[in-house]
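To keep things clear, I will list the structure first and then write my remarks on it.
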Amino acid sequence: MRLRGIGRKQKYLWLPVAAALVLGGCGSGGERIQSAVQMIGELNYQGALEQLDLAEEGGENIRLVDRARGIAYMGLTDYEQAAACFEAALAGSDGLVQNVDFDLNFYLAAAYTKSERYSEAEDIYDAVLALRSGEEDAYFLRGNVRLVQGNYEGAKADFDKVISMDASNYDRLIEIYQVLDYFGYSEDGRKYLEAALASGSKEMDKYASGRIYFYLGDYQKAYLDLEEAREKGGVESYLYLGKAYEATGDYNYASSVYNSYLEKNEGNAEIYNQLGLCEMTKGEYAKALAAFQAGMQLQNVTMMQTLSFNEIVAYEHLGNYRQASILMENYLKNYPDDQQARREYEFLSTR
């Protein structure tokens, strides 16, 4: 069974479920809504929905109730129901366009995208941009759904627009490369990265250039720049540095990079996951299992699905098929749309 990494590509096709965004710019909400927000942050989506039913019965703001319901359903991978909730929240508008309406449209477009209703998602981004032509995220996300529909020229126009709005936003530049690479346009993505390096911008620090070299496959330049960037701290510097060494086959040094971060800082789920992947490659399955489980013990882990899946893989490599099967059964209750996991469960059930 194949392990799972951080999953950076997937996030570009929909907005992440983040409890911090549930009430951002939308008022404080009532007590029950606030309780539901906390539960969403804890990935307790069913509990959140129960709290939101009570919030509605108690007369709390119904638009915020429907909005939070939509986010909870997104977490449960019930995207059609999520879309219905966001649509209901939008229908409750008094006719005056407010920040919450834009926010709801972004979430609705995300739900449409996950439901493969790509043209409807594109229509939403069109509408957002008609009212707010400076919405960089809308151009970027519209580029995503245009690529899904095979409209490369339209997507490229959106990505060009995004870069023109802030050429020194190297995080977004790298995201554009990753999206293009995901859809088979790696060479076009490389042109964006190479152009950024050639520009010689004084705003490009070693962290930015190191990451760009990483995606260009120049791992020696990548880890030289990232070694320098590591001194500034930051989990991403360590992640990219470790992965650059992994790409050269130096898994021992890569694992030492991840461990050095954990020795100096609070635990980080992505670091633990990457450390586990590295240990698995080295054949250190017990160490890998310990890393995945350590990541799962952290508060408000946003990549619990990836860690849970990799924990199961580690148990399988350790020959503990019974425990792997038990965990997979529970995993599928939480993530029922994971077809790869469902196939693996059928295999484990025969062991």
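Counting from 1, the numbers follow the sequence of the chain as shown.
- Taking the six-membered ring for Trp, Tyr219 and Tyr223 have ring centres at least 6.0 Å apart.
- Taking the six-membered ring where the residue is Trp, Phe106 and Tyr125 present tilted rings, their angle falling between 30° and 60°.
- Ion pair Arg142/Asp126 flagged as a salt bridge, since at least one NZ, NE, NH1 or NH2 atom sits closer than 4.0 Å to an Asp/Glu carboxylate oxygen.
- A salt bridge does not link Lys221 with Asp225: every distance from a Lys NZ or Arg NE/NH1/NH2 to an Asp or Glu carboxylate oxygen is 4.0 Å or more.
- With a 4.5 Å cut-off on side-chain heavy atoms, Leu275 and Tyr261 do not count as touching.
- For the residue pair Asn310 / Ser308, no side-chain donor-acceptor distance below 3.5 Å is found, with atom types taken as modelled.
- Looking at Gln305 and Asn334, their side chains never come closer than 4.5 Å, going by heavy atoms from C-beta outward.
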* To do: Take Glu194 and Lys191 through the test salt bridge (charged side-chain N to carboxylate O under 4.0 Å, His left out) and record every step on the way to the result.
  => CA-CA 5 Å; Glu194 290 166 349; Lys191 292 177 183 178; over 6 Å; no
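- With values rounded to the nearest 0.5 angstrom, Glu236 atom CD is found 10.5 Å from Leu226 atom CG.
- There is a side-chain donor-acceptor pair under 3.5 Å between Gln274 and Glu246.
- Counting heavy atoms from C-beta on, the side chains of Leu193 and Tyr213 never come closer than 4.5 Å.
- The line from CG of Leu52 to CD of Glu57 is 11.0 Å long, rounded to the nearest 0.5 Å.
- Remark: Arg132 qualifies as a cation-pi partner of Phe102 under the 6.0 Å distance and 45° angle criteria applied to the six-membered ring.
- Summarising the geometry, atom CD belonging to Glu270 is positioned 5.5 Å from atom CE belonging to Met303; distances are rounded to the nearest 0.5 Å.
- Lys156 forms no cation-pi arrangement with Phe159, by the criterion of a distance under 6.0 Å to the ring centre and an angle within 45° of the ring axis.
- Judged as a side-chain hydrogen bond (donor to acceptor under 3.5 Å, both in side chains), and not counting sequence neighbours, the contacts of Glu122 are Arg146, Gln149.
- Residues Tyr321 and Tyr315 form no side-chain contact, since every pair of their non-hydrogen atoms from C-beta on lies 4.5 Å or further apart.
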* From CA spacing to verdict: salt bridge (charged side-chain N to carboxylate O under 4.0 Å, His left out), Asp101, Arg63 -> CA-CA 10 Å; Asp101 296 295; Arg63 295 195 79 197; 2.6 Å; yes
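- At a threshold of 4.5 Å between non-hydrogen side-chain atoms, the residues Val162 and Asp158 do not count as touching.
- With contacts defined as side-chain heavy-atom distances shorter than 4.5 Å, the pair Val65/Asp53 does not qualify.
- Salt bridge status for Lys282 with Glu279: present, with a side-chain N to carboxylate O gap under 4.0 Å.
- A salt bridge between Arg230 and Glu227 is present, with a side-chain N of the basic residue lying under 4.0 Å from a carboxylate O of the acidic one.
- Aromatic rings from Tyr73 and Tyr79 are positioned such that their centres are separated by 6.0 Å or more.
- For the residue pair Asp188/Tyr152, the side-chain donor-acceptor check at 3.5 Å is satisfied.
- For residues 257-269, there are no salt bridge (charged side-chain N to carboxylate O under 4.0 Å, His left out) pairs, not counting sequence neighbours.
- Applying the 6.0 Å contact sphere to CD of Gln220 captures no more than 12 heavy atoms from other residues, nucleotides or ligands.
- Glu316 contributes atom CD, which lies 13.0 Å from atom CD of Gln323 (distance to the nearest 0.5 angstrom).
- A single hydrophobic cluster is seen to contain both Ile40 and Leu43, as judged by linkage of ILVMFWY side chains at heavy-atom distances under 4.5 Å, directly or through other members.
- Put simply, CE on Met204 and CZ on Arg211 are 9.5 Å apart, with the number rounded to the nearest 0.5 Å.
- Under the 4.5 Å side-chain heavy-atom criterion for Ile, Leu, Val, Met, Phe, Trp and Tyr, Met39 and Leu298 are members of distinct hydrophobic clusters.
- Tyr258 and Tyr251 fall into different hydrophobic clusters, where Ile, Leu, Val, Met, Phe, Trp and Tyr are joined by side-chain heavy atoms under 4.5 Å apart, directly or via other members.
- Between the side chain of Ser133 and the backbone N or O of Leu129 there is no donor-acceptor pair closer than 3.5 Å.
- Figure legend: cation-pi geometry between Arg190 and Tyr215 absent, as NZ or CZ is not positioned both under 6.0 Å from the six-membered ring centre and within 45° of its axis.
- Side-chain atoms of Ser35 do not come within 3.5 Å of backbone N or O of Glu31 as any donor-acceptor pair.
- Taking SG of Cys278 as the reference point, atom CG of Asn273 lies at 11.5 Å (rounded to 0.5 Å).
- Annotation: side chain of Leu90 is not in contact with side chain of Glu87 (no heavy-atom distance under 4.5 Å).
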* side-chain contact (heavy atoms from CB on, under 4.5 Å) assessment of Phe292 paired with Thr306 -> CA-CA 9 Å; Phe292 297 138; Thr306 296; over 6 Å; no
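- When side chains are defined from C-beta on, Phe86 counts as touching Ile71, because their heavy atoms get closer than 4.5 Å.
- With salt bridges taken as basic N to acidic carboxylate O contacts below 4.0 Å, none links Asp123 and Arg117.
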* To do: Report the C-alpha distance between Tyr170 and Leu173 in whole Å, list the side-chain angles of each, state the deciding distance to 0.1 Å, and finish with yes or no for side-chain contact (heavy atoms from CB on, under 4.5 Å).
  => CA-CA 5 Å; Tyr170 301 114; Leu173 176 69; 4.1 Å; yes
* Walk me through it: do Glu60 and Glu56 pass the test side-chain contact (heavy atoms from CB on, under 4.5 Å)? => CA-CA 6 Å; Glu60 295 186 28; Glu56 182 177 4; over 6 Å; no
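- A centroid separation of 6.0 Å or more is found between the aromatic rings of Tyr192 and Tyr177.
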